[in-house]
Every structure is written in C-alpha cells, then in structure tokens.
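Structure first, then comments.
Throughout, residue positions are numbered sequentially from 1 according to the sequence presented. Numbering of ligands and ligand atoms starts at 1, following listing order. For clarity, every value in this text was computed on a predicted model and none was experimentally measured.
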Amino acid sequence: MVHVAVIGAYGSAGAAVAGELADEPDVELTLVDDGDPGGGLCILRGCMPSKEVLSAAAHRYRARVDDRLVGAPPDVDLEAVVERKDDHTLDWAAHRRAGVEGYAERDDVTFLRGTARFVDGHTLAVGDRTVEPDYVVVATGSSVNVPDLPGIEDVDYLTSADVLDATAFPDSAVVMGFGYIGMELVPYVAEAGGTDVTVVEHDERPLDEADPAFGDALLDVYERDFTVDVRRNSYEQRVEPTADGGVRLHLDGPDGAETVEAEALYLFTGRTPTLAGLGLENTPLSPGEGWVEPTLQARDAPHVFVPGDANGREQILHVAKEEGFTTAENVLRHARGEDLVEYHPTHHHVVFAGLGVYPYARVGHSVASAEAAGVDHVAVSRRAADDGVFKSKDAADGLATLVVDPDDGTVLGWQGLHYHADVMAKTMQVAVEMGLDARALPDRAYHPTTPEILDGLFRAAVEELEG
Ligand SMILES: Cc1cc2nc3c(=O)[nH]c(=O)nc-3n(C[C@H](O)[C@H](O)[C@H](O)COP(=O)(O)OP(=O)(O)OC[C@H]3O[C@@H](n4cnc5c(N)ncnc54)[C@H](O)[C@@H]3O)c2cc1C
C-alpha cells in the first residue's frame, strides 16, 4: 500500500490528483484543504467569477458603441452582478467540496479540513494530527504577487478579488500589471465602474506571447473604446499616498520621470506560489528556478510532487488539471520503480480581452515562437474586417494568423484576436494537436458565421503552399 497525501485537495490540481488516485486499490489517500469556504481559485476568485462579471459589462459595452442604438447606455447594477456571481460560485464551490469529500466515503481515503505543514521531510501536521505519507502532493495554488516597489506598504491597493466583489468603483485608478488578469479586468473597471484608468505597460505593447500586431490591435480597442491611458515603455519607481487619500505613482517613462495620480491603485501583478507557512524550511525543498521537474517531481525531494499554480510554471486552469493527472500517474510510476513521464503542454491560451468581445487566443506556434524554435514555417494573416460576417455582427476589429509547415502543410499554430476567437481555440487545438494538414481541412463554415475567418486562413495557407 502506498500512502499519498494531497495538500490543496479542493483546488483544480489537487482535485485532479485525488480523482485519479481515489479508486486505485493499492493507494491510501489523505486529502487536506483549509479553504474557506473551499472550492479552489478558479471557481471562487478566478476563471469563473471573472467571466461572470465581465459578461454584464460586455452587454453595456456593445450597446454603448453601437450607434444604431439610441439613448443612454444602461448602468451595470453592481449589487446584482455581485449577488448573481456569488450565487453561482458558491454553488459550484459546494459541488467541488462535495466531490472531494465524497472520496472520503471510500476505504483508504481520509479528508482532513485544516492547514497542512511539513514537520520534517516526510511528516505533515494538520491541526493536532500528524501524517507520515510515502508521497506528498503540494497543490497549494497561488497568492497575489505584491511587487517589491518602494512605498507599496504605505498605500492601500486593490486586487482582482476586490474587483470581483466591488459594488462601487473609484473615479480614477492606476493599474500595475497588464498580463491576462489586467487585460481582462481593466475594461471591466472602465465600463462597469466608469473609472478613468491609467495602465503602466513595461513594453511597447501588451500580450508578450503574441506576435506584435495582436498587442497593437488590443491597444487600439482599449484606447478607443475604453479610453484607457496606457503608458508604454514605463517602469514604476515608487508610490506614495496623496493628501486626499489617493495614490501617486512615480514612473520612469520614455520621456523621463512622470507621475500618475489616482484615487486607487490596482495590482494585477500576477500571482506567486502559496508556499508560506508550509514548513518547507523543515524539508530539503528549495523553491526557485527549476525546483519542480517537467515530471512535476520536486528536484530536491523525489517523494514530493508539485502540480498547479504552486509550482509557478504556467498558472492556468487546464494546466493545473493536466499537471494533476500527470502527478497521479507519476506517483504510481515512481512507487513501481518505473520511468516518469514529462508534461509538456501545447501552448493553449485564451485571454478574455475587450470584455470577451475581443478575446485573444493562441494555440501552438506564433510566428515569433516558430522562428525562435528554428521551425520552418509559412504564416498567413487575415483581418476580421476582411470578412463581411464580422461587420454584419458589429464586431469588425482584430485579426488572425495561421502558421503551417511549408513541406507537409501541418498546422503548427494559430492566433486570433477577434470576436469569437475564444470558441475557435477548440477547433484549432484539434488541428494543431492532431497535426492536421491545412490542405485537407474542409473549406466550409456555415454561412454567415465567424469561423469563416478560419476558412479564409486555410485557403490563404494552401495558396502559399501551392505557390
Ligand atoms: C482573476 C483570475 C482569473 C482567472 N481566469 C482564468 C481563466 O479564464 N482560465 C484559466 O485557465 N485560468 C484562469 N485563472 C487561473 C486559475 O484560476 C488557476 O490557474 C487555477 O485555479 C489554479 O488551481 P490550483 O489547483 O493550482 O490552485 P487552487 O485552486 O488555488 O487550489 C489550492 C488549494 O490549496 C489550499 N491550500 C493552500 N495552502 C494550504 C495548506 N497549507 N494546507 C491545506 N490547504 C491549503 C487552498 O485552500 C486551495 O483550496 C484565473 C485566475 C485569476 C486570479
């Protein structure tokens, strides 16, 4: 019998490990979580509630920019938005808890509600219990990353969790952090809150994973439709409170020193693994670059596996789940003395930019990543405005790019920043992950639907391939 303890069993990664191992006949499982109410980040404060609140503001946005509609755009009833979001998330969270706690009805599975801590390399304390498992899965997720900026401890700041619960917004705000959380929540704060938003962008454009035209298209929409003031190539130097209770952020911008004053500061500065309080100092584990192998095994402790946000690699839901599945498989492999498998996901991201009206999605290679990897490729692009269907649906911004192998036509990658790009990610996942030949793909979307842009890309790629 192999005894496995999972710390963070309510989360997406921990629940995936638990689900895989609960029915294994030779595994004893101890599941631990201290969540209050418990249900994991994605359900309670991540993927799901963020899309829920965005949807309300998206309705207002679409009505506001459509000049065929007359009258003032409706206000977003923030109390109603938060109430409905809470109803849904608490329901989904209860479902997750019931599923995880349900495993404990089986023989050899125990659920402990509490905070786990390593007492030594092999012993965990949970309240007044101690557990000595053969394997420990650390699936403790992530916490808000507060940047090490002079003055940050002297000012109040708000985070993504505050935005999801907000029933009032400031008149003005300055935003640090323009990764996917910032790109999703900035338009929400502007649209639902009516807030004047200034964003600090370290580079020329956001969307580092995308080819440059996509970041430029996103900025065009944010500046035009949400009047967001994006300070490009700017770095925060220090922050201080103002006499009227706001903040003053000092920047080093392209033209030298500048300041931004606002009523509130939002930190969308990413997330850092939740490892504090775990007693890692009592173990050989030393978090940092390379501390978790592609097998999800900790480099310095072969009996410890770290899936999900806790390993700090790629903090998104499907990766957390798939890392959980790989962890379960590798725990069993390790116990049997077999080689471990590595987890190398195909690049697969969706950013619900522009309130989800103009999402960005990428599957597989961008042009830049194909070049960097030395992969032979041809690339074709198409503007959404070139397809009548996007105009007819009043969402003509954005573009898409397809990357294919010049020899055998294999689809290597796709990016879209346009209406419905999020739902096209699945189609393109099938094309990329199954290595389909662009020449063999059916040239037929139902007319008029937005996947006509994919047909346009496939046709353009075939023309390139056939010279
Ligand atoms: C605003 C926002 C929007 C997001 N949107 C998306 C999206 O659209 N798509 C997407 O793919 N991803 C999104 N994400 C990311 C996604 O939510 C996370 O990648 C995912 O939820 C991480 O799952 P996890 O299992 O690693 O961690 P979690 O779900 O956080 O689980 C960790 C669990 O560990 C428990 N725990 C921690 N420490 C201990 C301890 N010492 N003892 C016992 N229990 C402990 C916690 O209570 C928690 O239940 C978003 C995140 C945010 C913040």
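- By heavy-atom distance, the residue among D34, V350, L31 lying nearest atom 44 (N) of ligand 1 is D34.
- Side chains of H3 and E132: no donor on one and acceptor on the other come within 3.5 Å.
- Note: no N/O pair closer than 3.5 Å links S160 and ligand 1 by distance alone.
- Residue Y180 holds the heavy atom nearest to atom 51 (C) of ligand 1 of all those in Y180, Y10, F118.
- Side-chain atoms of T123 and T130 include no donor-acceptor pair closer than 3.5 Å.
- Ion pair D23/R106 flagged as a salt bridge, since at least one NZ, NE, NH1 or NH2 atom sits closer than 4.0 Å to an Asp/Glu carboxylate oxygen.
- Residues R113 and Y10 bring a donor and an acceptor atom of their side chains to less than 3.5 Å of each other.
- For S50, the heavy-atom gap to ligand 1 drops under 4.0 angstrom.
- The two residues Q315 and R271 make their nearest non-hydrogen contact at OE1-O, 3.1 Å.
- Side chains of H349 and E314: a donor on one and an acceptor on the other come within 3.5 Å.
- A donor and an acceptor atom, one from each side chain of N145 and T272, are nowhere located under 3.5 Å apart.
- The closest approach between M48 and ligand 1 stays at or above 4.0 Å for every heavy atom of the residue.
- Residues Y358 and H418 have side chains that never bring a donor and an acceptor to within less than 3.5 angstrom of each other.
- Side-chain polar atoms of T283 and D120 form no donor-acceptor pair below 3.5 angstrom.
- Here is the list of ligand 1 atoms found below 4.0 Å of a heavy atom in G40: 29 (O).
- For ligand 1, the polar-atom distance check against G14 finds no nitrogen or oxygen pair separated by under 3.5 Å.
- For atom 6 (C) of ligand 1, the nearest non-hydrogen atom from the set P49, G11, C47, G356 comes from C47.
- Where the criterion is an N or O separation shorter than 3.5 Å, residue side chain and backbone included, L41 meets it with respect to ligand 1.
- Only the backbone of A139 comes within 4.0 Å of ligand 1, counting heavy atoms alone; no side-chain atom from C-beta on gets that close.
- Only the backbone of R45 comes within 4.0 Å of ligand 1, counting heavy atoms alone; no side-chain atom from C-beta on gets that close.
- Using a non-hydrogen distance threshold of 4.0 Å, G114 registers as a contact of ligand 1.
- In terms of protein heavy-atom proximity, atom 3 (C) of ligand 1 is closest to G46 C, 3.4 Å.
- Between E223 and R232 there is a salt bridge, with a side-chain nitrogen of the basic residue lying less than 4.0 Å from a carboxylate oxygen of the acidic one.
- Protein heavy atom nearest atom 38 (N) of ligand 1, with residue, atom name and distance: T140 CG2, 3.4 Å.
- Here is the list of ligand 1 atoms found below 4.0 Å of a heavy atom in L278: 41 (N).
- Looking from atom 26 (O) of ligand 1 to the surrounding protein, the closest heavy atom is D309 N, 2.8 Å.
- Considering backbone and side-chain atoms together, A310 places no N or O closer than 3.5 Å to any N or O of ligand 1.
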